[in-house]
Amino acid sequence: MKVKLFNSDGRELQEFEPIENGKAGLYCCGPTVYNYAHIGNMRPYTFEDVLRRTLEYAGYKVTHVMNVTDVGHLTDDGDEGEDKMIKSAREQGMTVWEIAEFFTKAFFRDTERLNIHVPHQVCLATKHIQEMIDMVKTLEEKGYTYTSGGNVYFDTSKFPEYGKMAGLDKQELQHGARTDVDENKKNAQDFVLWFTNSKFENQAMTWESPWGVGYPGWHLECSAMSSKYLGPHFDIHCGGIDHVPVHHTNEIAQSEAANGCKWVNYWLHNEFIIMKNGKMSKSKGGFLTLQDLVDKGYDAMDYRYFLLAGHYRSQLIFTWESLDAARTAREGLLKKTAQLKAKCSPVDPEDFTDAAVRVRQDFQDHISQDLNTPRCLADIWSALKNNELTDGEKLGLLLDMDRIMGLKLADAELEEENAEPLDSEIEQLILKRQEARKNRDFALSDKIRDDLLARGIQIIDSPDGPKWKKS
RNA sequence: GGCGCCGUACCCAAGCGGCUAAGGGAGUGGAUUGCAAAUCCAUCAUUCAGCGGUUCGAGUCCGCUCGGCGCCUCCA
């Protein structure tokens, strides 16, 4: 299976050609663990998970690397943007290290609930300070840096290709439009590699370096760690679309300058989840976490389904109505899968008839067309409705497709009715209701039904007698 | 000011110039039911913001207009 991906570098669909035959190196920008991740933050990890699964499905041996930004970039107390959670954590006397650990755990709990594979290599920025220092040294030796105001800067004028992917050369940027201009910079786009002179007081995390005690620049970690685990030239780098103009632009500059070769072949960027009134952010409100959805009674996997229903490069509008639709659809899909499981075994793709082979081929065409997951969901539903297929083939197809979609279809179980024992009082009520129905006393029978529902027992009348489900 | 994206049914959302415009949700009709719920079946855009152009052929390409969004600070 050939996989076509939209490469931000060049802005076109390209067939994936690995550097090393049969292998794929994948680096993904990870979370900054100084707050809970909101549901918009979870989109890249879900999309990257689908990408990884697709590459694996296509037969590649994938090495998936992700960083965790646990270096403290804490702002001072006067920062209005500071999250209440961080503030309260600090008030509770947690150190930045403890805060980082706390939110790292929270992050991986979320990704687990979304059935996102843990990357093969999760690297903490704080464990790779030496690699970052080495990289700055290399850049310094090669003449790409200067020191000013106590900080080491990358001199973008020494790197002619600067901003090529982002098309920055075509733009007339308004520098200082929203931030103070750093007077120490030679060029407006230069960025700090190593800080010894923080504009923030009380920097909690600092390390020794040839330039003095300080901490690394914000872009350095991805360059240093990706090269360590994937080499100076690797296949794919992913991240949010917002990273293109600054973070990834700077990563490319410092990596290629330091390594002296092309760094990344394919750049993949996901678009944002937006709320009705725009981007999800603390300031605009609508900061929802996965836990918020769970608290409202949704399954985290409903959110995965919701994400898969939109293409990763399109802005996706989050509404509760959409999430409801995703929940209903996912539950229905699970139920149908469970029904198939109950009556047959899956047919192995090797033994598919032509009709099933065609369905599978369609699915593969769609996923390999820049990960068209919405279309793939349609393929799943079409397979269920396709009467050219046997039940065993349908099940075989579902399980095969779910290797990429990750909806846990293999775990689908029929909801057991009458499974849980009822206490005798409820049992009596059910019997009483049956009696009332027999006597056509529907006022009474409906009242009992309502009462039971209020106690969490849903009655389902069927020809074989009443069944019940605990809700 | 500059750069970029988008506008498809009631909602979400696919659609790489060419068979009858995917799929899900909601709705509607029917089966079933004492009635509900659940389930099953069926149905649901002659039309893709508007206008103009290119083409044998356009939702898909080009131009303009209107409307929405993102970026140029950290941000997924």
Side-chain angles (χ1 to χ4, degrees), chain A residues 4 6 11-13 28-32 34-35 37-48 73 75 79 81 166-182 188-189 218 238-247 269-274 276-283 305-306 308-330 332-333 335 339 362 365-366 369-370 372-382 385 415 417 436-438 440-443 445-446 449-450 453 458-463 467 469:
Chain A
K4 282 187 181 171
F6 185 86
R11 301 192 190 185
E12 62 175 9
L13 210 55
C28 303
C29 284
T32 300
Y34 279 88
N35 196 353
H38 61 62
I39 57 173
N41 294 131
M42 301 318 291
R43 190 180 205 191
Y45 310 113
T46 307
F47 130 68
E48 287 151 5
H73 300 304
T75 56
D79 181 16
L168 297 183
D169 49 326
K170 289 186 295 189
Q171 303 184 17
E172 293 175 27
L173 304 177
Q174 268 191 349
H175 292 289
R178 295 164 68 192
T179 48
D180 294 335
V181 174
D182 181 347
Q189 293 170 325
W218 297 340
C238 301
I241 187 107
D242 54 312
H243 283 324
V244 175
V246 180
H247 183 52
H269 294 101
N270 64 279
E271 255 294 354
F272 275 48
I273 299 297
I274 56 172
K276 270 277 188 273
N277 55 353
K279 190 171 85 162
M280 184 176 301
S281 67
K282 279 181 279 184
S283 53
Y305 190 101
F306 166 80
L308 295 178
H311 189 261
Y312 78 92
R313 276 194 302 114
S314 299
Q315 288 183 348
L316 183 57
I317 302 168
F318 178 86
T319 62
W320 293 106
E321 206 183 348
S322 297
L323 190 61
D324 285 342
R327 167 163 63 184
T328 307
R330 191 186 69 87
L333 187 57
K335 186 162 190 172
Q339 285 165 350
D362 284 346
D365 288 347
H366 294 143
Q369 190 72 21
D370 199 27
N372 192 339
T373 53
R375 191 59 212 235
C376 290
L377 285 178
D379 290 333
I380 287 177
W381 287 101
S382 305
K385 285 192 285 193
E415 266 190 66
E417 287 156 339
R437 291 184 69 206
K438 201 185 279 176
R440 305 189 70 78
D441 183 356
F442 298 123
S445 73
D446 288 355
R449 182 170 61 196
D450 289 346
L453 191 60
Q458 191 192 356
I459 296 295
I460 300 149
D461 289 325
S462 82
K467 299 187 173 184
K469 221 165 66 178

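Proteins come first, then strands; the chains are lettered A, B, ... in the order of their sequence lines, and each starts at number 1.
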Classify A:H311 by what it touches in the nucleic acid, base, sugar-phosphate, or nothing, heavy-atom distance under 4.0 Å. sugar-phosphate
I'd like the C1' distance from B:rG57 over to B:rC74, given in whole Å. 50 Å
Say you pick atom C1' in B:rG59 and the same atom in B:rA49; how far apart are they, in whole Å? 12 Å
Is A:F272 stacked on the base of B:rG70, meaning ring centres closer than 5.5 Å and planes within 30 degrees of each other? no
Rounded to the nearest Å, what distance is computed from the CZ atom of residue A:R440 to the P atom of nucleotide B:rA36? 14 Å
Under 4.0 Å, heavy atoms only, any strand: does A:V244 hit a base, just the sugar-phosphate, or nothing? nothing
Looking at A:N41, I'd like to know whether one of its side-chain N or O atoms comes within less than 4.0 Å of OP1 or OP2 on B:rC75. no
Considering only atom C1', compute the distance from B:rU54 to B:rC72 and round it to an integer number of Å. 35 Å
Return the minimal non-hydrogen interatomic distance between A:I241 and A:H269, and the atom names on each side. CA-CB, 3.9 Å
State the pairing partner of B:rG23; accept Watson-Crick or G-U wobble contacts with both distances under 3.5 Å, and report none otherwise. B:rC12
The nucleotide from B:rA76, B:rA13, B:rU39 with an atom nearest the side chain of A:I317 is B:rA13
Touch class at under 4.0 angstrom, heavy-atom based, for A:P374 against every strand present: base
Measure from the side chain of A:A325, starting at C-beta and using heavy atoms only, and say which of B:rA76, B:rG34, B:rG25 lies closest. B:rG25
Under 4.0 Å from OP1 or OP2 of B:rG34: is there any side-chain N or O of A:S445 that close? no
Can you tell me how far P in B:rC56 sits from the matching atom in B:rG68, rounded to whole Å? 38 Å
Looking only at the side chain of A:D461 (C-beta and beyond, no hydrogens), which of the listed nucleotides B:rA13, B:rA76, B:rG34 gets closest? B:rG34
Between CZ of A:R330 and P of B:rG24 the distance, given in whole Å, is 17 Å
Consider only side-chain N and O atoms of A:N372 and A:H311, and report whether a donor and an acceptor are under 3.5 Å apart. no
Check every strand shown and say whether A:A329 touches a base, only sugar-phosphate, or nothing at a heavy-atom separation below 4.0 Å. sugar-phosphate
Tell me which nucleotide among B:rC12, B:rA22, B:rA38 gets nearest to the side chain of A:A378. B:rA22
In whole angstrom, what separates A:D379's CG from B:rG23's C1'? 9 Å
Pairwise C1' distance, B:rC41 and B:rA58 [rounded to whole Å]: 37 Å
In whole Å, what is the span from the CZ atom of A:R437 to the P atom of B:rC35? 10 Å
Rounded interatomic separation in angstrom, taking CD from A:Q315 and C1' from B:rC6: 7 Å
If you measure from the P atom in B:rA31 to the same atom in B:rA45, how many Å do you get, rounded? 23 Å
5'-most by nearest nucleotide on RNA chain B - A:H247 or A:D446: A:D446
If the cut-off is 4.0 Å, is A:K385 near the phosphate of B:rG24, judged by side-chain N/O to OP1 or OP2? yes
Sub-4.5 Å side-chain heavy-atom contact between A:Q189 and A:L168: yes
With a centroid cutoff of 5.5 Å and a plane-angle limit of 30°, would you call A:W381 stacked on B:rG24? no
When the C1' atoms of B:rU32 and B:rG67 are compared, how many Å lie between them, rounded to an integer? 48 Å
Of A:Q339 and A:G240, whose closest RNA chain B nucleotide lies nearer the 5' terminus? A:Q339
Side chain of A:T328 - closest among B:rA26, B:rA76, B:rU39: B:rA26
Answer with base, sugar-phosphate or nothing: what part of the nucleic acid does A:H269 contact at a heavy-atom distance below 4.0 Å? nothing
Which part of the nucleic acid, if any, lies within contact of A:G310, taking any heavy atom under 4.0 Å across all strands shown: a base, the sugar-phosphate backbone alone, or nothing? sugar-phosphate
In whole Å, I'd like the distance from the CD1 atom of A:I274 to the C1' atom of B:rC69. 6 Å
If you compare all heavy atoms of A:L308 against all heavy atoms of A:T373, which two are closest, and at what distance to 0.1 Å? O-OG1, 2.8 Å
Using the side-chain heavy atoms of A:S382, tell me which of these nucleotides is nearest: B:rG23, B:rA76, B:rG34. B:rG23
Tell me which nucleotide among B:rC12, B:rG24, B:rA22 gets nearest to the side chain of A:Y305. B:rG24
Once you round it to whole Å, what is the distance between P of B:rG15 and CG of A:L13? 11 Å
Checking base pairs now: Watson-Crick or wobble, both atom distances under 3.5 Å. What partners B:rA42? B:rU28
Using both distances under 3.5 Å as the test, list the Watson-Crick or G-U wobble partner of B:rC35, or none. none
Which whole number of Å gives the distance between the C1' atom of B:rA76 and that of B:rG17? 34 Å
Base partner of B:rC69, which must satisfy Watson-Crick or wobble distances under 3.5 Å: B:rG4
Give the minimum heavy-atom separation between A:A37 and A:M42, together with the two atoms involved. CB-SD, 3.8 Å
Residues A:I317 and A:S322: closest non-hydrogen pair is O-OG, 4.1 Å
In terms of side-chain geometry, is the basic nitrogen of A:D461 or A:R437 positioned less than 4.0 Å from the acidic oxygen of its partner? yes
A:Y312 vs A:F47 aromatic rings, parallel, tilted or perpendicular, using cut-offs 30° and 60°? parallel
Ignoring hydrogens and geometry beyond distance, is the side chain of A:R449 in donor-acceptor contact with the base of B:rA37 at under 3.5 Å? no
Could you check how far CD of A:E321 sits from C1' of B:rG24, rounded to whole Å? 12 Å
Using only modelled atom types and a 3.5 angstrom limit, is any donor from either the side chain of A:D324 or the base of B:rC12 paired with an acceptor on the other? no
Answer whether the closest heavy-atom distance between the side chains of A:R313 and A:F6 falls below 4.5 Å. yes
Return the nearest nucleotide to the side chain of A:N372; candidates are B:rG25, B:rC35, B:rG15. B:rG15
